[in-house]
Amino acid sequence: MARKIASLSPTLESILKTLGENIKLARLRRKITTTMLAERAGMTRVTLRKVEQGNSGVTFGAYASVLFCLGLEKDILLLAKDDELGRKLQDIGLTQPKHRVARNSAIK
């Protein structure tokens, strides 16, 4: 039985495709064959081909392993590094006055 893969938005599909193309270009620049890189990354050539195609069914670990073998593992640290929206939301919360809750001073 084939594994069920969740469908992604066209934007995510495009991003993964670009990532795969970038990985393939990095391999070609280093003059590494698919067989060599697949062996180093501990995967089959079929899986490496899927990585280079940006296939969403490939595990993140497979992408990370290939990047490591290409000497690009630190690029993973750039993912979600600059959380611009999160910072804006946090700053809004810091600049808005906090509402005080009135305490009832009378003890019953």
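Source: prediction; values computed, not measured. If you read the sequence from its start, that first residue is 1, and numbering goes on from there. Worth knowing before you read on, the calculation uses all heavy atoms, side chains too, and leaves out hydrogens, waters and symmetry mates.
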Quick one: pull up CD1 in Ile23 and CG in Leu48 and give me the separation to the nearest 0.5 Å.
-> 8.5 Å
Nearest 0.5 Å, what's the CG-CG distance between Leu72 and Leu78?
-> 10.5 Å
Excluding Val46, membership of its hydrophobic cluster (Ile, Leu, Val, Met, Phe, Trp, Tyr; side-chain heavy atoms within less than 4.5 Å) reads none
Hey, which of Asn55, Leu8, Thr11 is the one that makes side chain to side chain contact (heavy atoms under 4.5 Å, CB included) with Leu16?
-> Leu8
Could you name each residue pair satisfying salt bridge (charged side-chain N to carboxylate O under 4.0 Å, His left out) that touches residues 53-71, not counting sequence neighbours?
-> none
Within residues 65-75 or reaching into it, pairs that qualify as salt bridge (charged side-chain N to carboxylate O under 4.0 Å, His left out) - sequence neighbours excluded = none
Taking only residues two or more places apart in sequence, or in another chain, which ones meet Ser65 in a side-chain hydrogen bond (donor to acceptor under 3.5 Å, both in side chains)?
-> none
Keeping to residues at least two apart or across chains, list the side-chain hydrogen bond (donor to acceptor under 3.5 Å, both in side chains) pairs with something in residues 17-27.
-> Arg27-Glu52
With hydrophobic residues grouped by side-chain heavy-atom distances under 4.5 Å, do Val66 and Leu25 end up in a single group?
-> no
Please check if Leu19 and Leu12 belong to a single hydrophobic cluster, counting links between Ile, Leu, Val, Met, Phe, Trp and Tyr side chain heavy atoms closer than 4.5 Å.
-> yes
Who pairs with Leu79 by side chain to side chain contact (heavy atoms under 4.5 Å, CB included), at least two apart in sequence or on another chain?
-> Phe60, Ile76
List for me each residue that meets side chain to side chain contact (heavy atoms under 4.5 Å, CB included) alongside Leu77, sequence neighbours excluded, and say none if there are none.
-> none
Using residues 81-89 as the side-chain source, report each donor-acceptor pair under 3.5 Å to any protein atom, sequence neighbours left out, with the distance given to one decimal.
| unit_1 | atom_1 | unit_2 | atom_2 | d |
| --- | --- | --- | --- | --- |
| Asp82 | OD1 | Arg87 | NH1 | 2.6 |
| Asp83 | OD1 | Gly86 | N | 3.0 |
| Glu84 | OE2 | Lys88 | NZ | 3.4 |

Enumerate donor-acceptor pairs with a distance under 3.5 Å from any side-chain N or O in residues 34-42 to protein atoms, sequence neighbours excluded.
| unit_1 | atom_1 | unit_2 | atom_2 | d |
| --- | --- | --- | --- | --- |
| Thr34 | OG1 | Arg45 | NE | 3.4 |

